[in-house]
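Lettering of chains follows the sequences in order, A, B, ..., and the numbering in each one begins at 1.
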Amino acid sequence: MKINRVRGTYDLFPEDLIKWQWVEKIAKSVYQEYGFSEIRTPILEPAELFSRSIGKWTDIVEKQMYTFEDKKGRLLTLRPEATASVVRAYLEKGNTSETRFYYFGPMFRYDRPQRGRFRQFYQTGVELLGAVHPGIDTEIILLLSEFFQKLGLKDFEIQLNSLGCSLCKEKYNKILFNYLKEKCLCKDCERRKEKNVLRILDCKNKICQSYVQEAPKIIDHLCPNCLSHFEEVREYLDFLGVSYSLNPHLVRGLDYYTRTVFELFLPNSGEDIAIAAGGRYDNLVEELGGRKTPAIGFAVGLERLIANLDILKEKEPSFYFAYLGEKEILKRAMELTAELRKNKIPVIINYERKSLGNQLHQADRLGSKFVLILGSREFKENTVILRDMKNSSQRVIKRENLVEKIKEI
RNA sequence: GUGAGUGUAGCUCAGCUGGUUAGAGCGCUGGACUGUGGCUCCAGUGGUCGCCGGUUCGAAUCCGGUCACUCACCCCA
């Protein structure tokens, strides 16, 4: 009986990972330029961490979490996102001066799999704790923008909005509810009226949208502090030449967001799905038992990002050692590959004693750039043939010069 | 959680309205070419037709269920 991967998961093979590793390299270099350091937290957390942070009535917590009891009856969850974990770790450590964190890792949501959506998926992101200045919001958005530019993605769009502080949110919720109360909306939105009015703002239904167009906007109902914060963020973004567009209907699905929120789209990809998203969460640290600590961060969906990278990344040059003959020749081949490896030259050797043609065929399939050939003739003459697989040229090299000649390539 | 489409060889797929030995291309292995890959030709390898049940003399084909994949919705990175 064959065993297959579980629904909504997938395997990444070496050829797939070339792109992933490249993306990770660029992300890390940008993160470091902005003073961020890596943090790694457990994949497993107490279920309550997420119901308290993300919000008890969000879809993520209500129906998308992988939650189960362990042998002691503790309720554990495979993390659906990383922000809550980072905050938890930060608070648990207590005495750290470090406030800028970045992470990479798998997240889990019990969704129905489809394009750009998996049950185990990867995110990278940053969290910056303890800073309230609008310049910080600007910097985080700038960082995200620079990351995407360095990946060679030119046509991305960053949408921006402000939800205000918890008081603004509460006030605006009522205003929006009163405005929509008597309106006849789609089935989903009728449900949202009671549960989560804000979500009606990004409903795709045409009738709902026509009402939403006329609806009062959040940014017209921000308190003076939140309004000036938002205006300053925009001022700095304009000043630094970071392009963005305002989307008064942008709301985030997680309850902890306050003030600045943003999402990144690739309009030319033909999908209206966010590749990255983030925002402020000024109350979360306190809600998780810490002191009042404003904070901001974002997360990037790596599958969604990588699906839109059409760059070709080639493997590093590698060597294949082909030998022909008896044990003494094999021993010489083993000796030489050991020497090459000591000099950091990646090489594999085939032990199957097949024909030279067969070995070249294999080397070709493995994508080896060069083949080293050792037969009885070379053995006697103390040489090795170096064959360039690309143009079929080859030359005889003295054994003692082998490492030196290869390093010249 | 809701809806639609698809499951046949390692991969991409054909198989007409049910008819008896289930096919092709690619791949893989070997040979033509005892030490030189990519091209060509030849041969070989490879399938519980996703799984379970039903209808039928007979099911890859029709029906039901189930699982998986793809896509859309809800929601989200």
Side-chain angles (χ1 to χ4, degrees), chain A residues 1-10 54-55 57-65 79-83 103-125 144 186-189 191-192 195-196 198-200 202-205 251-254 262-266 271-279 297-308 320 322-325 329 350 352-379 385-394:
Chain A
M1 187 61 187
K2 203 171 82 179
I3 297 173
N4 297 319
R5 63 181 197 275
V6 316
R7 184 166 163 81
T9 68
Y10 61 94
I54 295 170
W57 309 115
T58 56
D59 272 38
I60 294 181
V61 170
E62 272 194 319
K63 44 186 208 189
Q64 295 181 351
M65 291 213 303
R79 63 177 184 198
E81 58 119 30
T83 302
Y103 62 84
F104 287 89
M107 310 295 158
F108 303 84
R109 289 183 202 172
Y110 195 89
D111 252 3
R112 189 76 82 96
Q114 61 189 269
R115 179 188 294 288
R117 174 181 293 171
F118 305 89
R119 288 185 170 179
Q120 174 175 336
F121 60 102
Y122 290 82
Q123 286 187 343
T124 180
L144 180 63
C186 73
K187 212 176 73 198
D188 289 321
C189 283
R191 189 167 47 85
R192 289 180 182 127
K195 224 177 104 186
N196 195 349
L198 281 186
R199 288 246 75 97
I200 299 178
D202 60 6
C203 179
K204 289 171 188 114
N205 182 290
V251 292
R252 305 301 333 286
L254 288 63
F262 52 91
E263 292 189 348
L264 187 149
F265 294 86
L266 295 170
E271 300 162 32
D272 60 343
I273 193 169
I275 311 287
F298 66 72
V300 181
L302 286 172
E303 291 81 2
R304 294 179 181 185
L305 168 61
I306 285 163
N308 284 288
Y320 184 101
Y323 84 96
L324 297 156
I329 297 179
N350 177 292
E352 302 303 317
R353 287 235 300 154
K354 300 212 169 170
S355 70
L356 184 58
N358 191 291
Q359 294 191 60
L360 286 171
H361 182 65
Q362 268 200 39
D364 188 42
R365 284 194 22 94
L366 289 169
S368 305
K369 301 275 192 294
F370 299 93
V371 174
L372 295 156
I373 302 168
L374 181 71
S376 53
R377 201 158 57 228
E378 292 74 33
F379 183 77
I385 292 172
L386 174 64
R387 180 181 178 81
D388 184 333
M389 293 298 276
K390 200 149 196 175
N391 55 25
S392 298
S393 68
Q394 58 185 44

Using a cut-off of strictly less than 4.0 Å, decide whether R112(A) has a side-chain nitrogen or oxygen near OP1 or OP2 of rG1(B). no

Paired nucleotide for rC62(B) [Watson-Crick or G-U wobble; both distances under 3.5 Å]: rG54(B)

Counting just side-chain N and O atoms, does N358(A) come under 4.0 Å of either OP1 or OP2 of rG30(B)? yes

Main-chain N/O of Q394(A) paired with R387(A) side-chain donor or acceptor, under 3.5 Å: no

Nearest whole Å is fine: how far is rC76(B) P from E81(A) CD? 12 Å

Checking rC71(B), rG35(B), rC69(B) against the side chain of R377(A) (C-beta onward), the nearest is rG35(B)

Remember a base hit wins even if backbone is also touched, and classify G357(A) as base, sugar-phosphate or nothing at under 4.0 Å, heavy atoms. sugar-phosphate

d(CZ, R119(A); C1', rC67(B)) in whole Å: 12 Å

Counting the atoms with a prime plus P, OP1 and OP2 as sugar-phosphate, which does R304(A) contact under 4.0 Å by heavy atoms, base, sugar-phosphate, or nothing? base

Rounded to whole Å, how long is the line connecting atom CG of D111(A) with atom C1' of rG1(B)? 10 Å

Of all the choices, rC69(B), rC76(B), rU36(B), which nucleotide is nearest to the side chain of R5(A) once you look at every atom? rC69(B)

Answer yes or no: does a side-chain N or O of Q64(A) lie under 4.0 Å from OP1 or OP2 of rC75(B)? no

Do Q64(A) and D111(A) have a side chain donor and acceptor closer than 3.5 Å? yes

Nearest-Å distance once atom P is located in both rA77(B) and rG18(B): 50 Å

What is the separation between atom NE2 on H361(A) and atom P on rG31(B), rounded to the nearest whole Å? 12 Å

So what does R109(A) touch, heavy atoms closer than 4.0 Å: a base, only the sugar-phosphate, or nothing? base

Under 3.5 Å, is there an N or O donor on one side and an acceptor on the other linking the side chain of S392(A) and the base of rG37(B)? yes

Distance between C1' atoms of rA59(B) and rC41(B) (Å, rounded): 40 Å

For rC74(B) versus rA60(B), give the span between their P atoms, rounded off to a whole number of Å. 41 Å

Any strand is fair game: report the nucleotide pairing with rU6(B) by Watson-Crick or G-U wobble, both distances under 3.5 Å, or none. rA68(B)

Distance between C1' atoms of rU40(B) and rU56(B) (Å, rounded): 50 Å

Say we look at rG58(B) and rU21(B): how far apart would their C1' atoms be, to the nearest angstrom? 16 Å

Nucleotide paired to rA22(B) in any strand shown, Watson-Crick or G-U, under 3.5 Å: none

C1' gap between rU12(B) and rG54(B), integer Å: 33 Å

d(CG, L324(A); P, rU34(B)) in whole Å: 13 Å

Check E81(A) with R109(A), please: is the shortest side-chain N to carboxylate O separation under 4.0 Å? no

Between atom CG in L356(A) and atom P in rU36(B), what is the gap in whole Å? 6 Å

By the Watson-Crick or G-U definition, both distances under 3.5 Å, rC49(B) is matched with none

Name the nucleic acid region contacted by G125(A), choosing base, sugar-phosphate or nothing; use a 4.0 angstrom heavy-atom cut-off, strictly under. nothing

Can you tell me, in whole Å, how much space there is between the C1' of rG65(B) and that of rU55(B)? 15 Å

With a sphere of 6.0 Å drawn around OH of Y110(A), does it hold more than 12 non-hydrogen atoms of other residues, nucleotides or ligands? no

Side chain of E378(A), base of rG35(B): donor and acceptor closer than 3.5 Å? yes

Length of the CG-P vector between L386(A) and rU36(B), whole Å: 18 Å

Using a 3.5 Å distance criterion without hydrogens, assess whether the side chain of E303(A) forms a donor-acceptor pair with backbone atoms of Y122(A). yes

Please classify the nucleic acid contact of A276(A) as base, sugar-phosphate, or nothing, using heavy-atom distances under 4.0 Å. sugar-phosphate

About how many Å separate CE of M107(A) and CD1 of I60(A), when rounded to the nearest 0.5 Å? 11.5 Å

Position toward the 5' end of RNA chain B (nearest nucleotide), G116(A) or P113(A): P113(A)

So F118(A), base contact, sugar-phosphate only, or nothing? Heavy-atom distance under 4.0 Å. base

Report yes if a side-chain nitrogen or oxygen of R117(A) is closer than 4.0 Å to either non-bridging phosphate oxygen (OP1 or OP2) of rC76(B); otherwise report no. no

What nucleic acid atoms does G278(A) come within less than 4.0 Å of, heavy atoms only: base, sugar-phosphate, or nothing? nothing

Compare side-chain N and O positions of R199(A) against OP1 and OP2 of rC76(B) and report whether any pair is under 4.0 Å apart. yes

If you look at every strand shown and take non-hydrogen atoms under 4.0 Å, does M107(A) touch a base, only sugar-phosphate, or nothing? nothing

For the pair R119(A) (side chain) and F108(A) (backbone), establish whether a donor and an acceptor sit closer than 3.5 Å, ignoring hydrogens and angles. no

Identified pairing partner of rU36(B), criterion: Watson-Crick or G-U wobble below 3.5 Å: none

Hunt down the Watson-Crick or G-U wobble partner of rG44(B), both distances under 3.5 Å, from any strand shown, or write none. rC28(B)

Take the protein atom NZ of K390(A) and the nucleotide atom C1' of rU36(B), then report the distance between them rounded to whole Å. 20 Å

Please state whether the rings of Y10(A) and F118(A) are parallel, tilted or perpendicular, taking 30° and 60° as the class boundaries. tilted

Identify whether any heavy atom of T58(A) sits under 4.0 Å from a base atom; if not, whether one sits that close to sugar-phosphate; answer base, sugar-phosphate or nothing. nothing

Using only side-chain N and O atoms of R365(A), determine if any of them is under 4.0 Å from OP1 or OP2 of rC28(B). yes

rA72(B) and rG27(B): how far apart are their P atoms, nearest whole angstrom? 33 Å

Below 3.5 Å, does any donor atom in the side chain of Q394(A) face an acceptor in the base of rU36(B), or the other way round? yes

